[in-house]
Amino acid sequence: VAAVVSPTPRPRPTAARAVLVASCLYGFVASSWLWGGRGEVRQGYEVATLDVGSALDLASLTAPIPRLGMACVLVAGLAGFLFRRRELASGAFAFAVLTVSAVLELTVRGVRIPGLELLLPGNLLAAWLVGLAVARWRGAPDPDDEAHEVVCGVLGATLVLAAGCKLWYGGLDWVGGRPLALIVYERSFGAAPGIADVRLAFAERPWLGALGASFTLVTEAAGGLFVVPRLRRTVAALLVPLFVGLFVLMGILHLVWVALPLALAWSHLGVPRNTEAPAT
Amino acid sequence: VVRPAPIAFAAYVATAVLVGDCWPIARFDMYADLRGYDESAVIVFRADGRPVEIEQYEDFTDDTLAHAPDPRGVRYTMGWRLDETRRWVLTHKAPPGTAPGPVNVQVGYVTVRIDGGPHQVGDFVVLAEGRAWPRS
């Protein structure tokens, strides 16, 4: 009997990939807004660990044409990653552009880490590529499923690290809520009148500061549960009020930190499937 | 069967703890070191004595504001406001020959405390000042 062999259909883009791609684009735009066209680049400051600050003429990269070129490479790379055309190589090109953007941002702003809008997508894109490469190397039956799991593990790690650092450096002072209340009070200066009133009201009530600090710590620590597929939706849902609160009280808008956990948690990837044959 | 998520979780945490902040790895320690954070400096930009947004001004006639020093002796979490001020001034310098602007602009800070309720302590402290023009 001659078997009819039909070509394997190319896998379709998944929602999780699409959100990650959109987050990478958003992260690049947010980051390049900080370094692009400024004309002032402080060479080498706080980028010693990368040791590229002095090797590249970073200032020339902030001009419009190189910036546009980077954007084109990023879009092409992310499109290849999304539609699975040489996805590892495409994703690596995209990650390289994000890396250049991160280095420029570190250099221009003189900070240790780039903005979280770039940092999280960069982390998760790298994790997806590493997970995919390892899964293929291992000959895993569904490499995308494994890559998705790696990404979920890394996302959980970032949240647990955030909670751990607060306890490590801030200890019970942080839990008490006074530092948070002060930070919120600082941000009432120069805020729009309605927002300033909300922030002032928060800072005036110590129990609200303690509640907000505790909720932040518990939610971030619970991020470790993102490694457990059936708990992902709960963790992702908890992150929504956390980041809405951050926006209202501190003026920090981290869309990718809401969109990515939701997309990963509701993805069909990583969900245990019943592969057993039905009982007869 | 060992699942990849816990392995990735453990590997990332271990790497971040050992390596620290090195793109794309990070410890995510923003706002963590706040032990004893009871008093802080809030960066404020003023024009003719009134708090305003710096984006409303341009054609700064000297570099003094662009090199405003950091507040000393007081902690703060809004240093980015000072960075933005410096960068704005650098990128909106007056062309050579421009007359000094009519507005006295200042960047500085007020000290705030949280003990006994949020309140401001002392007066506005000037870090740097200069002249500028309102943006048309």
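Chain naming here is simple, since letters A, B, ... match the order of the sequence lines and numbering starts at 1 in each.
Options Gly171(A), Ala181(A), Gly170(A) differ in how many heavy-atom pairs under 4.5 Å they form with chain B, and the most are formed by Gly170(A). No other option in Val44(B), Val17(B), Val13(B), Thr77(B) has as many heavy-atom pairs under 4.5 Å with chain A as Thr77(B). The candidate from Val228(A), Val227(A), Val184(A), Leu167(A) with the greatest count of non-hydrogen atom pairs under 4.5 Å with chain B is Val227(A). Interface remark: of the candidates Gly117(B), Ser40(B), Ala41(B), Ser40(B) forms the most heavy-atom pairs closer than 4.5 Å to chain A. Chain B forms more heavy-atom pairs under 4.5 Å with one residue of Asn123(A), Val150(A), Asp173(A) than with any other, namely Asn123(A).
The parts of Leu98(A) that come within reach of chain B are both its backbone and its side chain, each placing non-hydrogen atoms under 4.5 angstrom from that chain. Both the backbone and the side chain of Pro118(B) come within contact range of chain A, judged by heavy atoms closer than 4.5 Å. With a 4.5 angstrom heavy-atom cutoff, Pro114(A) touches chain B only via side-chain atoms. With a 4.5 Å cut-off on non-hydrogen atoms, Ile252(A) touches chain B through its side chain but not through its backbone. Heavy atoms closer than 4.5 Å to chain A are found nowhere in Val19(B), neither backbone nor side chain. Using a 4.5 Å cut-off between heavy atoms, Arg113(B) contacts chain A through its backbone alone, with no side-chain atom that close. With a 4.5 angstrom heavy-atom cutoff, Val160(A) touches chain B only via side-chain atoms. When heavy atoms are compared at a cutoff of 4.5 Å, Tyr31(B) approaches chain A by way of both its backbone and its side chain.
Considering every non-hydrogen atom in both Ala26(B) and Leu119(A), the closest pair reads CB-CD2, 3.7 Å. The shortest non-hydrogen separation linking Ile113(A) to Met30(B) is CD1-SD, 3.5 Å. Between Cys165(A) and Ala32(B) the shortest heavy-atom distance is O-CB, 3.5 Å. Taking all atoms of both residues into account, the shortest heavy-atom contact from Glu53(B) to Gly190(A) is OE2-O, 4.1 Å.
The CG atom of Asp29(B) sits 9.5 Å away from atom CG of Leu161(A), with the distance rounded to the nearest 0.5 Å. Atoms CZ and CE, from Arg187(A) and Met78(B) in turn, are 5.0 Å apart once rounded to the nearest 0.5 Å. For the atom pair CG (Leu182(A)) and CG (Leu34(B)), the distance works out to 8.5 Å, reported to the nearest 0.5 Å. With rounding to the nearest 0.5 angstrom, the CD atom of Glu186(A) is 9.0 Å from the CZ atom of Arg81(B). Atoms CG and CZ, on Leu155(A) and Phe9(B) in that order, are 10.5 Å from each other to the nearest 0.5 Å. Atoms CG and CZ, from Asp21(B) and Arg112(A) in turn, are 4.5 Å apart once rounded to the nearest 0.5 Å.
A salt bridge is absent between Asp33(B) and Lys166(A): the closest approach of a Lys/Arg side-chain nitrogen to an acidic carboxylate oxygen does not fall below 4.0 angstrom.
Ring centroid separation for the pair Phe28(B) and Trp168(A) does not come in under the 6.0 Å cut-off.
More than 12 heavy atoms of other residues, nucleotides or ligands lie within 6.0 Å of CZ in Phe124(B), so this atom counts as buried by the packing criterion. A 6.0 Å sphere centred on CZ of Arg135(B) holds more than 12 heavy atoms belonging to other residues, nucleotides or ligands. For Leu172(A), the CG atom counts as loosely surrounded, since its 6.0 Å shell holds 12 or fewer non-hydrogen atoms of other residues, nucleotides or ligands.
Side-chain contact between Trp23(B) and Val103(A) is absent, with no heavy atoms from C-beta onward closer than 4.5 Å. With a 4.5 Å cut-off on side-chain heavy atoms, Ile43(B) and Phe189(A) do not count as touching. Counting heavy atoms from C-beta outward, Pro24(B) and Phe95(A) have side chains that approach closer than 4.5 Å.
Partners of Asp123(B) under the side chain to side chain donor-acceptor pair (under 3.5 Å) rule, at least two apart in sequence or in another chain, do not exist in this structure.
Arg35(B) places a side-chain N or O within 3.5 Å of a backbone atom of Tyr169(A) that can act as its donor or acceptor partner.
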